[in-house]
Amino acid sequence: MAAEMVAPAWMHEQITAEEYASWSEEQCAGIEIVDGMVVVSPGVSKRHNRLARILANALDAAAGPGWNADTDFDVRLQDIPLTNRRPDVIVYRADTIDITPTRPEHVLLVAEVVSPGSETTDRIVKVDQYAKAGIGFYWRIEQAATGVPLVYTYLLDLATKTYLDGDVFSGVLKVTAPFAAEIDLGQV
């Protein structure tokens, strides 16, 4: 086996929150930490990135001054064992922009754009983790064969810490409280 194919030692050991905090932005990009172990996220397509950016921009505009919508940063779901997820889109309280790490109580919504290689994680694993962490809304965006994405929405049931199925949107996503917006998904 070629030397460049051998994973670094840190990928085989549990990472603590303190160790992770000492890593650079470059080291943290493209990875998630699940139960203390590094999970390398698969590369994503331009269409995936564009869809996430369009969604984040529309949610940011619709959210008003109390909320921010962004892409590509960690949400600390638990400290021990360390679990950091990096949703494709996150809506969080604006007054927590400088608080690190971002915690579930700062987050209103997470959205994942499903890509080849992330189907099981986005459809099953992350749904459960986000619900158990108490994040109120989860959206899963599927890139349909028609070219127009499908958005599956879920609402947290606080009593069971599971998500209830919401509406499914295609073409135009009509977002209501706490936002008021229509997002044209046909423009991806």
Peer 1: Answer whether the closest heavy-atom distance between the side chains of Val39 and Ile31 falls below 4.5 Å.
Peer 2: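 Val39 does not reach Ile31 side chain to side chain.
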
Peer 1: To the nearest 0.5 Å, how far apart are CD in Glu19 and CD in Gln14?
Peer 2: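 Result: 10.0 Å between the selected atoms.
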
Peer 1: Only pairs at least two apart or in different chains count here, so list each ring-ring contact (aromatic ring centres under 6.0 Å, His included) that has a residue in residues 98-132.
Peer 2: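 Every ring-ring contact (aromatic ring centres under 6.0 Å, His included) pair that includes a residue of residues 98-132, provided the two are not neighbours, is Tyr130-Tyr138.
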
Peer 1: Quick check on the hydrophobic clustering: are Trp23 and Ile80 connected, directly or via other members, by side-chain heavy-atom contacts under 4.5 Å?
Peer 2: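 Trp23 and Ile80: separate clusters.
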
Peer 1: Using the rule that two of Ile, Leu, Val, Met, Phe, Trp, Tyr join whenever any of their side-chain heavy atoms come within less than 4.5 Å, decide whether Leu55 and Leu108 are in one cluster.
Peer 2: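 Yes, it is one cluster - the side chains of Leu55 and Leu108 are joined through contacts under 4.5 Å.
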
Peer 1: Are Trp67 and Trp139 connected in the hydrophobic side-chain network, where two residues link if heavy atoms are under 4.5 Å apart?
Peer 2: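 Linked, Trp67 and Trp139 end up in one cluster.
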
Peer 1: Rounded at 0.5 Å granularity, tell me how far OH in Tyr20 sits from CG in Asn84.
Peer 2: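 These two atoms lie 5.0 Å from each other.
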
Peer 1: Between Ala111 and Ile141, which heavy-atom pair has the shortest distance, and what is it?
Peer 2: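 That would be CB-CD1, 3.8 Å.
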
Peer 1: Any chance you could measure Asp122, atom CG, to Asp88, atom CG, to the nearest 0.5 Å?
Peer 2: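 The distance works out to 6.5 Å.
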
Peer 1: For residues 78-100, which residue pairs qualify under ring-ring contact (aromatic ring centres under 6.0 Å, His included), counting only residues two or more places apart or in two chains?
Peer 2: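 Only Phe73-Tyr92 qualify under ring-ring contact (aromatic ring centres under 6.0 Å, His included).
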
Peer 1: If you take all heavy atoms of Leu109 and Leu59, which pair is closest and at what distance?
Peer 2: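 Closest heavy-atom pair between Leu109 and Leu59: CD2-CD1, 4.1 Å.
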
Peer 1: Once you round to the nearest 0.5 Å, how far does CG of Asn57 lie from OG1 of Thr71?
Peer 2: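 That separation rounds to 8.5 Å.
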
Peer 1: Should Tyr154 and Asp165 count as side-chain neighbours, where that means a heavy-atom distance under 4.5 Å?
Peer 2: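 Yes; the side chains approach each other to less than 4.5 Å.
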
Peer 1: Which pairs pass salt bridge (charged side-chain N to carboxylate O under 4.0 Å, His left out) with one or both residues in residues 138-150, sequence neighbours excluded?
Peer 2: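 The answer is Arg123-Glu142, Arg140-Glu142.
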
Peer 1: Can you give me the closest heavy-atom contact between Ile33 and Leu82, atom names plus distance?
Peer 2: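 In this case the closest contact between Ile33 and Leu82 is CG2-O, 3.4 Å.
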
Peer 1: Which pair of non-hydrogen atoms, one from Ala69 and one from Ala56, has the smallest distance, and what is that distance?
Peer 2: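 What the structure gives for the nearest pair is CB-O, 3.4 Å.
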
Peer 1: I need the Glu112 CD to Ile90 CD1 distance, nearest 0.5 Å.
Peer 2: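 These two atoms lie 10.0 Å from each other.
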
Peer 1: Under the 3.5 angstrom rule, does the side chain of His48 hit a backbone N or O of Val113 as a donor-acceptor pair?
Peer 2: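 Yes: the side chain of His48 pairs with the backbone of Val113.
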
Peer 1: Only counting residues at least two apart or in another chain, list the ones meeting salt bridge (Lys or Arg N to Asp or Glu O under 4.0 Å) with Asp167.
Peer 2: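 For Asp167 there are no salt bridge (Lys or Arg N to Asp or Glu O under 4.0 Å) partners, ignoring immediate neighbours.
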
Peer 1: Scan the side chains in residues 95-102 for donor-acceptor partners under 3.5 Å anywhere in the protein, sequence neighbours excluded, and list what turns up.
Peer 2:
residue: Asp95; atom: OD1; partner: Arg93; partner atom: NE; Å: 3.2
residue: Thr96; atom: OG1; partner: Arg93; partner atom: O; Å: 2.7

Peer 1: What closest approach, in Å, do Ala131 and Leu156 show between heavy atoms, and which atom pair accounts for it?
Peer 2: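 Here Ala131 and Leu156 meet closest at O-CD1, 3.6 Å.
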
Peer 1: If the condition is side-chain contact (heavy atoms from CB on, under 4.5 Å), which residues does Val168 pass it with, not counting sequence neighbours?
Peer 2: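 Per chain and number, Val168 pairs via side-chain contact (heavy atoms from CB on, under 4.5 Å) with Tyr152.
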
Peer 1: Taking salt bridge (charged side-chain N to carboxylate O under 4.0 Å, His left out) as the cut-off, I'd like each qualifying pair that reaches into residues 52-72, sequence neighbours left out, listed once.
Peer 2: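 Non-adjacent pairs meeting salt bridge (charged side-chain N to carboxylate O under 4.0 Å, His left out): Asp72-Arg86.
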
Peer 1: Report the residues that fulfil salt bridge (Lys or Arg N to Asp or Glu O under 4.0 Å) with Asp157, sequence neighbours left out, ordered by chain and then residue number.
Peer 2: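 For Asp157, no residue satisfies salt bridge (Lys or Arg N to Asp or Glu O under 4.0 Å) once neighbours in sequence are set aside.
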
Peer 1: Run the side-chain hydrogen bond (donor to acceptor under 3.5 Å, both in side chains) test against Glu25 and tell me which residues pass, sequence neighbours left out.
Peer 2: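 Testing Glu25 for side-chain hydrogen bond (donor to acceptor under 3.5 Å, both in side chains), a comparison that skips the adjacent residues, returns none.
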
Peer 1: Might you point out which heavy atoms bring Pro104 and Val75 nearest each other, and give the distance in Å?
Peer 2: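 Smallest interatomic distance, heavy atoms only, reads N-CG1, 4.3 Å.
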
Peer 1: Do Val38 and Val125 share a hydrophobic cluster (ILVMFWY, side-chain heavy atoms under 4.5 Å, transitive)?
Peer 2: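 As far as the 4.5 Å side-chain criterion goes, Val125 and Val38 are not connected within one cluster.
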
Peer 1: Evaluate the side chain to side chain contact (heavy atoms under 4.5 Å, CB included) criterion for residues Arg85 and Val34: first the C-alpha distance (whole Å), next the side-chain angles of each, then the deciding distance (0.1 Å), finally the verdict.
Peer 2: CA-CA 8 Å; Arg85 285 295 188 180; Val34 179; 3.4 Å; yes

Peer 1: Under the side-chain contact (heavy atoms from CB on, under 4.5 Å) test, which residues partner Asp128, sequence neighbours left out?
Peer 2: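 Residues passing side-chain contact (heavy atoms from CB on, under 4.5 Å) with Asp128: Lys132.
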
Peer 1: Do Ile135 and Val114 land in one hydrophobic cluster if side-chain heavy atoms of ILVMFWY residues count as linked below 4.5 Å?
Peer 2: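 No, no single cluster joins them.
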
Peer 1: Can you name the salt bridge (Lys or Arg N to Asp or Glu O under 4.0 Å) partners of Asp35, sequence neighbours left out?
Peer 2: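 So Asp35 forms no salt bridge (Lys or Arg N to Asp or Glu O under 4.0 Å) with any residue.
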
Peer 1: Before you tell me yes or no, could you show the steps for Thr153 and Phe137 under side chain to side chain contact (heavy atoms under 4.5 Å, CB included), namely the whole-Å CA-CA distance, both residues' side-chain angles and the distance that decides it to 0.1 Å?
Peer 2: CA-CA 7 Å; Thr153 65; Phe137 297 91; over 6 Å; no

Peer 1: What pairs with Lys161 under salt bridge (Lys or Arg N to Asp or Glu O under 4.0 Å), at least two apart in sequence or on another chain?
Peer 2: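 Per chain and number, Lys161 pairs via salt bridge (Lys or Arg N to Asp or Glu O under 4.0 Å) with no residue.
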
